Amino acid sequence: RMIRALRFAAKLGFTISKRTAEPIRRMEHLLLQVSNARMFEEVNKLFLTGHGLESYRLLRQYGMFEILFGGLEQFLDNPAFNSFVEYALQSSDERYRDQKRNMPHFLYAVILWPKFQSAVSRLMALNDTKADRVSMREIADLACPAVLKEQNHITAIPMGIAESIRSMWSLQLQFL
């Protein structure tokens, strides 16, 4: 219900009363007890149905984004990260208004990108110390499951979507 309140506030443009907001802040940790499959569906409703940017801002305001996407705390104050996520969500909102399809793999690939980049950087540093180095693709193939496995504790990402995320990230690494 906490997520639903934020989703409706984002969708309908209303303000959450102090009486409602206080328990949200106090009980947000209970989201970790919700089924990860259910959380996947709720995140999709938050971000892929035309009000993703406002949902993101409200989640940040109420400290719930950090629960839904743990391990990103170090990036949340980074203007580049916020601009990247906000641009992607604004684009998704426009796509929704234009009756175009939004895909969860894009959402997760964007939001989790800095975690993936960090994992790749750590593996590249290890790779540089080895005599038998592995390819960038192999590094990506190691980093991706680790990032997605951690996210799966919160939101159960279906295998097909996880594979699409892996493909997007691997392709993106080719351009760096």
Side-chain angles (χ1 to χ4, degrees), residues 2-4 6-7 10 24-48 52-92 102-128 134 136-173 175-176:
M2 292 180 277
I3 288 180
R4 207 169 288 149
L6 296 182
R7 187 174 82 231
I24 290 174
R25 287 188 171 97
R26 188 170 26 90
M27 299 170 64
E28 64 190 9
H29 67 279
L30 296 175
L31 289 174
L32 297 173
Q33 297 176 8
V34 176
S35 148
N36 61 353
R38 176 73 181 161
M39 291 305 293
F40 178 77
E41 294 303 321
E42 291 297 329
V43 167
N44 288 345
K45 289 176 189 175
L46 281 167
F47 291 125
L48 300 176
L53 179 57
E54 186 59 26
S55 293
Y56 172 70
R57 290 176 176 162
L58 285 171
L59 287 170
R60 292 289 314 278
Q61 178 183 337
Y62 285 89
M64 292 172 64
F65 183 82
E66 296 89 323
I67 292 171
L68 296 175
F69 295 94
L72 287 172
E73 296 82 7
Q74 66 196 18
F75 303 104
L76 294 179
D77 292 328
N78 182 324
F81 171 76
N82 283 306
S83 294
F84 182 52
V85 171
E86 288 191 1
Y87 179 78
L89 291 170
Q90 181 180 358
S91 296
S92 291
N102 282 318
M103 303 300 289
H105 68 270
F106 175 75
L107 162 76
Y108 281 91
V110 166
I111 291 174
L112 297 173
W113 174 250
K115 283 178 72 172
F116 175 72
Q117 277 186 307
S118 293
V120 166
S121 293
R122 283 191 304 277
L123 290 170
M124 286 175 59
L126 287 173
N127 196 34
D128 288 343
V134 297
M136 183 59 85
R137 175 152 177 104
E138 290 171 295
I139 288 174
D141 287 345
L142 291 170
C144 183
V147 171
L148 295 180
K149 181 179 179 183
E150 186 178 337
Q151 184 62 37
N152 274 324
H153 292 295
I154 310 299
T155 55
I157 301 171
M159 284 179 28
I161 292 171
E163 181 55 32
S164 294
I165 293 167
R166 187 203 61 75
S167 294
M168 286 179 71
W169 283 344
S170 292
L171 288 171
Q172 186 64 32
L173 286 178
F175 297 113
L176 297 178

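All of these numbers come straight from a predicted model, not from anything done at the bench. We count residues from 1, following the sequence as given.
Residue Trp169 holds its CH2 atom at 8.5 Å from NZ of Lys115, rounded to the nearest 0.5 Å. Between the SG atom in Cys144 and the CD1 atom in Ile139 there is a gap of 14.0 Å [rounded to 0.5 Å]. If you take CG on Leu112 and CG on Leu148, they are separated by 6.5 Å, rounding to the nearest 0.5 Å. Here CZ of Phe116 is found 9.0 Å from CZ of Arg166. Values are rounded to the nearest 0.5 Å. Atom CZ of residue Phe81 and atom CD of residue Glu86 lie 10.0 Å apart, to the nearest 0.5 angstrom. Remark: Leu89 CG to Phe84 CZ distance equals 10.0 Å, nearest 0.5 Å.
Panel note: side chain Arg60, backbone Leu76; a donor-acceptor pair is recorded below 3.5 Å. No donor-acceptor pair under 3.5 Å is formed between the side chain of Glu163 and the backbone N or O of Ile161.
When all heavy atoms of Ala143 and Ala119 are compared, the closest pair comes out as CB-CB, 3.8 Å. For the pair Ile111 and Pro114, the tightest heavy-atom approach, listed with the atom from each and the gap, is O-CD, 3.5 Å. What you find for Asn102 and Ser92 is that their closest heavy atoms are ND2-O, 2.8 Å. Closest heavy-atom contact between Ala10 and Leu58: N-CD1, 3.6 Å. Across Glu150 and Gly70, no two heavy atoms sit closer than the pair OE2-O, 4.0 Å. Across all their heavy atoms, Ala80 and Asn78 have their closest contact at N-OD1, 2.7 Å.
Counting heavy atoms from C-beta on, the side chains of Phe69 and Leu59 never come closer than 4.5 Å. Contact check for Ser170 versus Arg137: side-chain heavy atoms found under the 4.5 Å cut-off. Counting only heavy atoms from C-beta outward, the side chains of Phe40 and Pro104 approach each other to under 4.5 Å. A heavy-atom distance below 4.5 Å is not found between the side chains of His153 and Asn36. Looking only at side-chain heavy atoms (C-beta outward), Ile157 and His105 stay at 4.5 Å or farther from each other. For the pair Ile154/Ile67, no side-chain contact is recorded, criterion being any heavy-atom separation below 4.5 Å from C-beta on. A 4.5 Å side-chain heavy-atom check between Gln117 and Val120 finds every atom pair outside the cut-off. In this structure, Ser118 and Arg122 have side chains that are in contact, with non-hydrogen atoms separated by less than 4.5 Å.
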### Task
Assess whether side-chain contact (heavy atoms from CB on, under 4.5 Å) is satisfied between Val43 and Leu48, documenting all intermediate values.
CA-CA 8 Å; Val43 167; Leu48 300 176; over 6 Å; no

### Stepwise side-chain contact (heavy atoms from CB on, under 4.5 Å) check, Leu72 with Phe65
CA-CA 9 Å; Leu72 287 172; Phe65 183 82; 4.1 Å; yes

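Salt bridge Glu41/Lys45: absent, no basic N to carboxylate O contact under 4.0 Å.
For Gln151 and Thr155, the side-chain atoms include at least one donor-acceptor pair closer than 3.5 Å.
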